[in-house]
2 protein chains.
Amino acid sequence: MTRAPQKRRLETRSKLLQVAAAIVQEHGYSGLRVEDVVARAGVAKGTLFSHFKDKDGLLAVLIGEEVTRLLDGMEAGGTPPDVAALNARLAPHLDYVAQDRVIFDLLLRYSGTTAAEPDEVVAASFIRQVAMLTGWLQTLQAAGKVRKDQPPELLAEGIQGFLNHVLGVWFCAEHENDASPADALEPYLRAWLLPPA
Amino acid sequence: MTRAPQKRRLETRSKLLQVAAAIVQEHGYSGLRVEDVVARAGVAKGTLFSHFKDKDGLLAVLIGEEVTRLLDGMEAGGTPPDVAALNARLAPHLDYVAQDRVIFDLLLRYSGTTAAEPDEVVAASFIRQVAMLTGWLQTLQAAGKVRKDQPPELLAEGIQGFLNHVLGVWFCAEHENDASPADALEPYLRAWLLPPA
DNA sequence: TTTCGTTATTGACCGCGGTCATTTTTATAA
DNA sequence: TTATAAAAATGACCGCGGTCAATAACGAAA
């Protein structure tokens, strides 16, 4: 039976998160250094690691919050009317992840989480994402906008695969071309989801 | 105009690679430490980094060679007769990558390479893989075993996406279940490639 | 208030990847 | 041979994430 954390601890934790968010704002996720965080938070290094398993654990909270926010935005409009609209709905998420390889790497590390440890923010957001997609696909199948010969769960997880694929390619290419990775996603989505003509 | 490397340099390089391969044999890719390599090779640390950009550069050579070997095996049998056979043909590659997250991470970092820097072993193997898949798919399309409404290049790159997706999930799950990741791949491949019934 | 077990914080220390000014070795020309 | 410039190798040094025994702060009971 673990006790409730003391007030001081909660304050330290939120201070660390607040400082970390500020540094990310200034220098990006890849510019975040543990020593900077603890220095600006006025705390010893060991303290940070008593609050978060490791640097990734800290990043996971920050990134998880952002992803959750993006999911809220995606869900807001209800089921998109067709595949093109679905593609557009996913664009903000792609643009966010595409901004920094650190985000991509971290999300990928949790990307397979279908259950277990729902306390983790990132894991929870993945579960939510796949649930959201599955729901949409069910509706689209009923409307005849999406192929019906495969279960919506498989289609949903396939979409996650394509998201990662497109992002992986994105980070390899030198993108002077300022297009969004969502553009690269569309042909895959069409081929994956559209019913045979 | 850069000169040809001296004999001594080539010997040092191959010694480093040989020692690194031995350590991987003993402790796995994730057990490879730069300091161990240089110690056993009887060389200073800086020498290693004059031969390879960083630790990943060294690993890339080792892993690239192995992937190339696997590709040789895959190509040996010619075009697989159908989707199920194609899935089986990909199994050795999946099993190899699934053995250590380090392999997966490294390959992913190069996974989008469609051209450029063909001197890198890993990049070259990716180009070769997609070319091989594209050729197979063309043949299978002609034989009516695979959907014809999409260009074989797109189908091939989609397969690469599914390979990575399946592996990502693989590394998240605790696989007491000793099944191969190829089992997880099959439903995706069927849904992605099979012509509408 | 004092005591005392628990919780929270501390910071010196470590492992390990990576750098670079310096030194050694090699190949070539005088 | 000897001089010399380029190539190769060296190892002390650094940055940064992460550890852990020691210490301080807290809160409930006496």
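We name chains A, B, ... by the order of the sequence lines, and we start the count at 1 in each one.
Phosphate contact (OP1/OP2 of C:dT7, side-chain N/O of A:Arg8, threshold under 4.0 Å): absent. Dashed line: the shortest gap from a side-chain N or O of B:Thr12 to OP1 or OP2 of D:dA8 is not under 4.0 Å. Contact annotation: A:His51 does not reach the phosphate of C:dA8 (side-chain N/O to OP1 or OP2, under 4.0 Å). Residue B:Arg33 places at least one side-chain N or O under 4.0 Å from the OP1 or OP2 atom of C:dC16.
Rounded to whole angstrom, the span from the CZ atom of B:Arg9 across to the C1' atom of D:dA9 amounts to 9 Å. Atom NZ in A:Lys7 sits roughly 7 Å away from atom P in D:dG27 (whole-Å rounding). Rounded to whole Å, atom C1' of D:dG17 lies 12 Å from atom CG of A:Leu59. For the pair B:Leu32 CG and C:dC16 C1', the computed distance is 12 Å after rounding to whole Å. As a whole-Å value, the separation of B:Leu58 CG from C:dC16 P is 16 Å. The CD-P distance, from B:Glu35 to D:dA12, rounds to 12 Å in whole Å. One interatomic measurement links the two molecules: CG of B:Leu48 to C1' of D:dA8, which rounds to 14 Å at whole-angstrom precision. Remark: C1' of C:dC20 and CG of B:Asp54 are 17 Å apart, rounded to the nearest angstrom.
Expressed to the nearest 0.5 Å, how far CD of B:Glu35 lies from CG of B:Leu48 amounts to 11.0 Å. Between the CZ atom in B:Arg13 and the OG1 atom in B:Thr47 there is a gap of 14.0 Å [rounded to 0.5 Å]. Atom OG of B:Ser30 sits about 10.0 Å away from atom CG of B:Leu59, to the nearest 0.5 Å.
Nearest nucleotide to the side chain of A:Lys45, out of D:dG17, C:dC16, C:dT10: D:dG17. In this structure, of D:dG17, C:dT7, D:dT10, it is D:dT10 that holds the atom nearest to the side chain of B:Ala44. In the set D:dC26, C:dG18, D:dA8, the nucleotide with an atom closest to the side chain of A:Gln6 is D:dC26. Nearest nucleotide to the A:Arg3 side chain, out of C:dT6, D:dT10, D:dG17: C:dT6. Of the candidates D:dA8, D:dT19, C:dG18, the closest approach to any side-chain atom of A:Phe49 belongs to D:dT19.
A donor-acceptor contact under 3.5 Å is not formed by the side chain of B:Lys55 with the base of C:dG18.
Taking every heavy atom of both residues into account, A:Val38 and A:Lys45 meet most closely at CG1-CA, 3.8 Å.
For the pair A:Arg101 and A:Trp170, the cation-pi criterion (under 6.0 Å, within 45° of the ring axis) is not fulfilled.
Contact annotation for B:Ser50: no contact, since no heavy-atom pair falls under 4.0 Å across all strands.
Between B:Lys53 and A:Thr47, the one whose closest nucleotide on DNA chain C sits nearer the 5' end is A:Thr47.
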